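Naming: A, B, ... by sequence-line order, numbering from 1 per chain. Here the structure is a predicted model, which means the values were calculated and not measured.
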Protein chains: 2
Amino acid sequence: MAGGAPRRQPTLDEVAELAGVSRSVASRVLNNAPHVSRAKREAVERAVRQLGYVRNPTARALATRQTGAAALVVAGEEPSIYADPFFAQVIVGASAALEEADLHLMLCLAASDRGRKRVEELLRSKGADGVMLMALREDDPLARMAEEAEMPVVFGGRPVGSAPRWYVDVDNVGGAREATEHLLSRGRTRVAAICGRLDTEVGRARYRGYRDAVLAAGLDPYPPQEGDFTESGGAAAMAASLAEHPEVDGVFAANDNMGAGALRTLREAGRLVPDDVAVVGFDDLVVAQVADPPLTTVHQPINAFGREMARMLVALINGQEPTPLILPTRLVIRSSS
Amino acid sequence: MAGGAPRRQPTLDEVAELAGVSRSVASRVLNNAPHVSRAKREAVERAVRQLGYVRNPTARALATRQTGAAALVVAGEEPSIYADPFFAQVIVGASAALEEADLHLMLCLAASDRGRKRVEELLRSKGADGVMLMALREDDPLARMAEEAEMPVVFGGRPVGSAPRWYVDVDNVGGAREATEHLLSRGRTRVAAICGRLDTEVGRARYRGYRDAVLAAGLDPYPPQEGDFTESGGAAAMAASLAEHPEVDGVFAANDNMGAGALRTLREAGRLVPDDVAVVGFDDLVVAQVADPPLTTVHQPINAFGREMARMLVALINGQEPTPLILPTRLVIRSSS
DNA sequence: CTTCCAAATGGGAGCGCTCCCATAGAATCC
DNA sequence: GGATTCTATGGGAGCGCTCCCATTTGGAAG
């Protein structure tokens, strides 16, 4: 947008001409292909420098039928998922891995109808070399479309009720189980669960883990108290839980935001944490650290989640056959339990 | 990637042939251009449906010299900037605005050298129709390269020491001033400042606002106590500040994370908030809400920040001449002051 | 000095689309 | 009724690159 001559970008032909070689040779040099004499290679490199030549990625894409980009589709509709640092960290991880493979990252937030339509078009038009799909809802049509698209697709987290061919997930069940076992090992016997949305696999899996642990201890699990993964949702769920089950002495919250909300409600209700009620969260975000008291939580490797998703996609694009991956979690004990 | 015939995508020629028209007519129909009879238009539409035709965006891009994508470049090197929900919200806002203009979002995290190189290439190869540039450091070469690129460029936040032609920014000075005035109006006279990195414009601007307010009240500003925008950085800065200036009765923290860190340090030091020391943050993130006590802070329209950046870019791409934009902030008073 | 093979080279046909332009027909105007 | 506009249509030349393939070249082998 600077002033100056509106000169066109130099093309490969011009580079070739200046270097006194054919376009083919110039192309080989740029692609680091063999069958080029040292002299001509250097001549081309000189011409490239002299003209300030940069290869036109679009033309290259058309000729090679590869776009050089991978898409990360986030299908969640509720804004809260984006407010969450989780989302950002995944992006960072994926971005780093794609960078290694020299792929660009296209980010598609398929919240609105229009957004979803664009994703569909992307899938069908092969507008990217591959797709990572996250935060799918139950029966999300995007899942089927992705499977049908003749394009590498990696799922981030499993869609509800189905295990796709390629996915990366966090061990939600195991993490929730460990968190709950931790509460039980602290002598708590009346542990309730504040769940995330139960129409997501994450929400279900974490409740399942909680349930498993409680059952294994020979106790009765509480029914899921559904929150929406937000701080206020957690606070409300905690209030409801307290009203119905005042005897509660432990709470497993399916994420840190809700855990923080639970802490707030407990404080307002005059219950001491962890003396009266112990609380455990999930995610290990900043929120957990700054909460009062600092929240015991389940750490998950969010950055690795994004990174591995991207690596799997790259492998797929390169014609390999990676295997699904489930990342481990780790309990981080703080003062809330 | 599903099984089935590995048939090629249908091309526009095939659509035209099936519809019994020329490629030109078919193209006009797809582009909603005039000079097409009703009959042929319908025939083409039918053929499109029958073949499941989707236009190849790469070929289109090559012919039109427009990629259909805009890039959002985040130049920050420290991971903390990404951990912050700020980043995610901006993306969401930008994404929504780009969606309206039917542009795809390419996200470039130019943290590593390699990342920066790719951005440079993107800029020079016109790999996108326009670029939004965020989180530039002092003397970041990316700024110059962007200005030189013959491509629409919008800055998110101003680079240190220069006002680019087109940018969107938050009124950091005004917000910081208001926050500090608020502390002063509460009767605090020894207000210190925990700043962000002073090699960023945000860090400087917020300190400037603080300074203005203190000077206007006829008091002496404290020197900047530099943090790194993280919770622990804030805690450390608070500790340092307390050691050097134990008389402090008010703290302006340049963001919420550092504000939360300051609260932690104060609690550990046995100072009561807000009784002994009042604290104000900046950003209005979840952290501010869950902090104990909840943090008074300066709310900024993060989503709008991203949205307006994208809108400005779209205007630029469409050949218009938008004017720079500075978004207002708003003080949110909670219990920490 | 031939024969043969591999490396080096350049020509040219795409990739799938847009868009300019020439042509033909239909409508409009003195 | 012929000149003048339109609108509709299709042909074809790109957009800038890759890559197959035919040709040339330089030795090594016989």
For the student: nearest non-hydrogen atoms of Pro164(A) and Pro159(A), plus distance: CD-CD, 3.6 Å
Mark yes when over 12 heavy atoms from residues, nucleotides or ligands other than Glu14(A) sit less than 6.0 Å from its CD; otherwise mark no. yes
Looking only at side-chain N and O atoms, does Arg65(B) come under 4.0 Å of OP1 or OP2 in dC17(C)? no
Rounding to a whole Å, what distance do you find between Glu14(A):CD and dC15(D):P? 10 Å
So with a 6.0 Å cut-off around CG of Asp102(B), is the heavy-atom count from everything else above 12? yes
Please report the distance, rounded to the nearest Å, between CD in Gln66(B) and P in dG16(D). 14 Å
For the pair Arg116(A) and Glu120(A), evaluate salt bridge (charged side-chain N to carboxylate O under 4.0 Å, His left out) and give the outcome as yes or no after the intermediate values. CA-CA 6 Å; Arg116(A) 301 179 82 81; Glu120(A) 182 178 347; over 6 Å; no
Mind running a 4.0 Å heavy-atom check of residues 44-54 of chain B against DNA chain C and sending the residues that fall below it, in number order? Tyr53(B)
Going by atom types only, do Asn31(B) and Arg55(B) share a side-chain donor-acceptor pair under 3.5 Å? yes
Answer whether the closest heavy-atom distance between the side chains of Arg28(B) and Lys40(B) falls below 4.5 Å. no
In whole Å, what is the span from the CG atom of Leu12(B) to the C1' atom of dC17(C)? 7 Å
Where is the tightest heavy-atom contact between Gln9(A) and Lys126(B), given as atom of each residue plus distance? NE2-NZ, 3.2 Å
Asn56(A) CG - dC15(C) P separation (whole Å): 18 Å
Lys126(B) NZ to dG16(D) P, in whole Å, measures 11 Å
Given atom CD of Gln9(A) and atom C1' of dC17(D), what is their separation to the nearest angstrom? 14 Å
Nearest heavy-atom contact between Val90(A) and Phe305(A) is CG2-CD2, 3.8 Å
Nucleotide nearest Thr64(A) (side chain, heavy atoms from C-beta), chosen from dT18(D), dG16(C), dT18(C): dT18(D)
Heavy atoms of Val160(B) and Glu201(B) approach each other most closely as CG2-N, 3.4 Å
Atom CG of Leu62(B) and atom C1' of dG14(C): how far apart are they, to the nearest Å? 12 Å
Close approaches to DNA chain C from residues 19-40 of chain B, in residue order (heavy atom, under 4.0 Å): Arg23(B), Ser24(B), Ser27(B), Asn31(B)
